[in-house]
Enquirer: 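Okay, handing you the structure first.
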Amino acid sequence: MRLPCSLLILACVLLTVTWTARAEIGATEAESGSQMENAAAGQPDTPHVEPGVSPRSNTPSEDPDSVHEEAGSQDTAAAKPPARVLTLEDAINLALEANRSILDAKDRVESARLSMVSAESEFELKLFPDASAGVTGGDDERTEESLGAGIAIQKKLAVGTVLTVQPNLEKDADTYRSSVDSTVSQPLLRGLSREFNLALVQGTEFDARTSQRSLYLTRVNTVISTVGAVYSVIGQREFVRLNRESASRLEGHAEAARVKEKFGLATPIDVYRAEIQMKQAEDSLATAREAYEDALDNLRLILALPIEEEIDVTAPLEYSIVRMDEPEALEMAFRNRVELRQAWDAVKDAERRSRVAKHRILPELNVVLSLSPFGESRDFEESLQMDNYFWGINLTSTTDLARTAERAAYDQSMLEVQSAYRNMTLRRDEVAREVKSALRNLIKAEQRIEIQKEQTRQSEGKLKLAQVKFKHGLADNFDLIEAEEELRRAQTNLISVVIDYIVGIYVFRASIGTLLEQPAEL
């Protein structure tokens with residue numbers, strides 16, 4: 001049976017149109033198709049993570065365009081100065097020098113030192129100059145002038161003894177009087193305790209140790225924050241790249257769908273589906289660019305840099321698997337963590353203050369010894385001979401016999417001791433929880449890395465298959481768009497979990513007390 005001539009002509013026309021459409025579609029998808037094939041073949045577009053191997057080079061400028069242009073900067077009218085590029089080490093060192101929280105902690109250390117100097121000054125050799133000048137008169141309308149000068153030299157000892165020597169010289173009318181007053185005052189009940197007399201000094205020493213430990217912990221937390229902020233910038237920059245590449249591929253898909261629709265090889269729903277997904281990808285790209293700028297701003301705040309300064313960072317996405325048993329990690333934490341030493345120091349200080357409060361219940365009873373040679377004469381030189389003297393021994397006391405306030409203060413101090421012990425055990429449990437949590441997070445992140453690597457490989461294969469089927473008209477673009485979305489999600493998740501693992505290593509080192517070297521005074 002022969003076909004009519006008209007049917008043969010129609011078949012030729014359809015064949016010609018089909019080949020023309022496929023040629024146009026192939027030209028439209030050339031760029032996006034090569035990107036997909038590279039992804040399916042395992043090229044660098046897809047992060048591939050192995051222990052100690054970077055999934056992608058993280059140099060500040062991965063493309064001819066600057067990172068800030070990739071992040072959505074639209075200001076091309078005015079030339080911008082080159083961005084300040086910081087490595088991870090640079091960022092950490094800068095944060096340790098300039099972070100505002102660290103500077104505040106250093107000020108608290110200095111304030112504690114000054115308080116200690118003030119407390120210790122009570123036991124210094126002290127000089128108290130004394131001078132007087134005046135005029136006296138009475139009913140007889142006579143007036144007399146008086147002049148006097150002296151200096152008191154005083155020293156307090158740790159056992160409560162107060163030594164005072166005070167040379168004096170006075171002139172009253174026509175008489176000169178010179179003397180050297182010497183006294184020794186010794187508390188008999190309270191003052192015999194060195195701990196009681198040095199209570200203020202020991203309290204300021206405890207405050208100084210506390211401020212030093214607080215400074216160290218602030219430095220540790222700042223390092224963790226800096227590492228997190230740097231890798232947040234790295235991650236957001238990678239997300240911008242992935243979303244930009246995905247948006248470019250989806251734009252090619254949408255154009256291909258429009259060309260196919262012209263030749264009847266695709267339906268309007270295919271075009272709508274491709275364009276909707278393309279717009280969603282563009283929206284995701286804009287969101288990623290905004291998150292990238294937010295991450296840079298957060299890093300600037302941590303580094304105390306001007307918010308308008310252009311900066312960029314580079315950090316390796318390399319890591320080594322951490323292997324440590326939980327008992328070993330806990331033992332290191334209990335040995336190294338500054339918080340545990342602070343908690344134990346707080347217990348000892350609470351016990352000290354309780355002993356001081358108990359000692360303060362004793363009544364005040366002092367013995368005062370005095371010796372004062374003196375001379376008095378109309379002749380100045382004769383008055384300096386100080387041929388006369390007097391001495392004295394006195395007992396002085398002033399006290400509340402009930403000692404109600406002192407006893408209540410002692411009872412309160414015992415409660416503080418109990419609270420300090422509870423806080424120490426609580427702090428130990430918190431340290432153990434932090435170590436175990438950090439270890440679990442590392443193990444979980446390691447497992448997630450393997451899962452995301454496998455999902456990325458599967459998504460690459462699915463995308464390539466969908467792209468080939470769509471290109472040859474064997475399927476609509478639903479599978480293609482779905483595979484594209486799954487690949488972008490898998491790549492994003494892989495980068496996120498790698499960053500989580502790297503930051504988690506720093507957190508784990510902090511939890512066992514080995515992130516920063518500890519000063520000897522801690």
Enquirer: A quick test of your reading: do over 12 heavy atoms of other residues, nucleotides or ligands sit less than 6.0 Å from NZ of K155?
Expert: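 Atom NZ in K155 is crowded, with more than 12 foreign heavy atoms closer than 6.0 Å.
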
Enquirer: Any salt bridge between E406 and R360, counting N to O under 4.0 Å?
Expert: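 Salt bridge between E406 and R360, a charged N being under 4.0 Å from a carboxylate O: no.
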
Enquirer: Angle between ring planes, Y176 versus F380, binned at 30° and 60°: parallel, tilted or perpendicular?
Expert: perpendicular

Enquirer: Donor-acceptor check, side chain of D379 to backbone of E382, threshold 3.5 angstrom: yes or no?
Expert: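 Present.
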
Enquirer: Side chains of S383 and S377: any donor to acceptor distance under 3.5 Å?
Expert: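 No donor-acceptor contact under 3.5 Å links the two side chains.
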
Enquirer: Is any side-chain N of the basic residue among R337 and E339 closer than 4.0 Å to the acidic one's carboxylate O?
Expert: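 Looking at E339 together with R337, the answer is yes, because their closest N to O distance falls below 4.0 Å.
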
Enquirer: To check you understand the geometry: which heavy-atom pair defines the closest contact between V435 and S511, and what is its length?
Expert: CG2-O, 3.4 Å

Enquirer: Under 4.5 Å between any side-chain heavy atoms of L415 and S419, yes or no?
Expert: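 In short, these two side chains do not touch, never coming nearer than 4.5 Å.
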
Enquirer: Does any donor atom in the side chain of E351 or Y421 lie under 3.5 Å from an acceptor atom in the other side chain?
Expert: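 A pair is found: one side chain offers a donor N or O, the other an acceptor, under 3.5 Å apart.
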
Enquirer: Is it true that E446 and R323 make a salt bridge, defined as a side-chain N closer than 4.0 Å to a carboxylate O?
Expert: yes

Enquirer: Measuring from S284:OG to R244:CZ, what's the distance to the nearest 0.5 Å?
Expert: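 That separation rounds to 14.0 Å.
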
Enquirer: Do NZ/NE/NH1/NH2 and the carboxylate oxygens of R353 and E416 come within less than 4.0 Å?
Expert: yes

Enquirer: Rounded to the nearest 0.5 Å, what separates atom CZ in R177 from atom CD in E170?
Expert: 6.0 Å

Enquirer: Quick check on E89: does its CD atom have over 12 non-hydrogen neighbours (other residues, nucleotides or ligands) under 6.0 Å away?
Expert: no

Enquirer: Determine whether E122 and K156 satisfy the following criterion, salt bridge (Lys or Arg N to Asp or Glu O under 4.0 Å), listing intermediate values before the conclusion.
Expert: CA-CA 7 Å; E122 183 180 0; K156 183 176 180 179; 2.6 Å; yes

Enquirer: Heavy-atom count check: over 12 atoms from other residues, nucleotides or ligands less than 6.0 Å from K171 NZ?
Expert: yes

Enquirer: Do the side chains of K106 and E110 get close enough for a salt bridge, i.e. N-O under 4.0 angstrom?
Expert: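 Looking at E110 together with K106, the answer is no, because their closest N to O distance does not fall below 4.0 Å.
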
Enquirer: Looking at I499, V497, T492, which hits side-chain contact (heavy atoms from CB on, under 4.5 Å) with I495?
Expert: I499

Enquirer: Can you label the angle between the H359 ring and the F196 ring as parallel, tilted or perpendicular, going by 30° and 60°?
Expert: tilted

Enquirer: Any chance you could measure L86, atom CG, to N93, atom CG, to the nearest 0.5 Å?
Expert: 10.5 Å

Enquirer: Between S118 and L114 (side chain of the first, backbone of the second, donor and acceptor by atom type, cut-off under 3.5 Å), is there such a pair?
Expert: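 Side chain of S118 to backbone of L114: no pair is present.
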
Enquirer: Does a side-chain N-to-carboxylate-O contact under 4.0 Å join E195 and R355?
Expert: yes

Enquirer: Under a 4.0 Å threshold between the charged nitrogen and the carboxylate oxygen, would D400 count as salt-bridged to R403?
Expert: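 Answer for the salt bridge query: no.
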
Enquirer: How long is the span from the CD atom in Q166 to the OG atom in S372, to the nearest 0.5 Å?
Expert: 9.5 Å

Enquirer: Using every non-hydrogen atom in the two residues, find where N366 and S185 come nearest and quote the distance to one decimal.
Expert: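 Scanning both residues completely, I find the closest heavy atoms to be CB-OG, 4.5 Å.
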
Enquirer: I'd like to know if D345 pairs up with R209 as an ion pair, taking the criterion as any Lys NZ or Arg NE/NH1/NH2 lying under 4.0 Å from an Asp or Glu carboxylate oxygen.
Expert: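 Result for this pair is yes, salt bridge flagged.
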
Enquirer: Please report the interatomic distance CZ(R352) to CD(E205), rounded to the nearest 0.5 Å.
Expert: 9.0 Å

Enquirer: So how far is it from N441 CG to S437 OG, rounded to the nearest 0.5 Å?
Expert: 4.5 Å

Enquirer: Between D90 and T87, is any side-chain donor less than 3.5 angstrom from a side-chain acceptor?
Expert: yes

Enquirer: Is it the case that over 12 heavy atoms from other parts of the model lie below 6.0 angstrom from the CZ atom of F128?
Expert: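 Counting other residues, nucleotides and ligands, CZ of F128 exceeds 12 neighbours.
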
Enquirer: Between E309 and R300 (salt bridge meaning N to carboxylate O under 4.0 Å), is one present in this structure?
Expert: no

Enquirer: Does N298 use its side chain to pair, donor to acceptor, with the backbone of D294 at less than 3.5 Å?
Expert: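 Checking the backbone N and O of D294 against the side chain of N298, no donor-acceptor pair under 3.5 Å is found.
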
Enquirer: Charged N to carboxylate O below 4.0 Å: is that the case for D312 and R237?
Expert: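 Salt bridge flag = yes for R237 with D312.
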
Enquirer: List the steps and the verdict of side chain to side chain donor-acceptor pair (under 3.5 Å) for Q518 and R341.
Expert: CA-CA 12 Å; Q518 299 180 11; R341 266 177 296 206; 2.3 Å; yes

Enquirer: Is it true that D429 and R433 make a salt bridge, defined as a side-chain N closer than 4.0 Å to a carboxylate O?
Expert: no

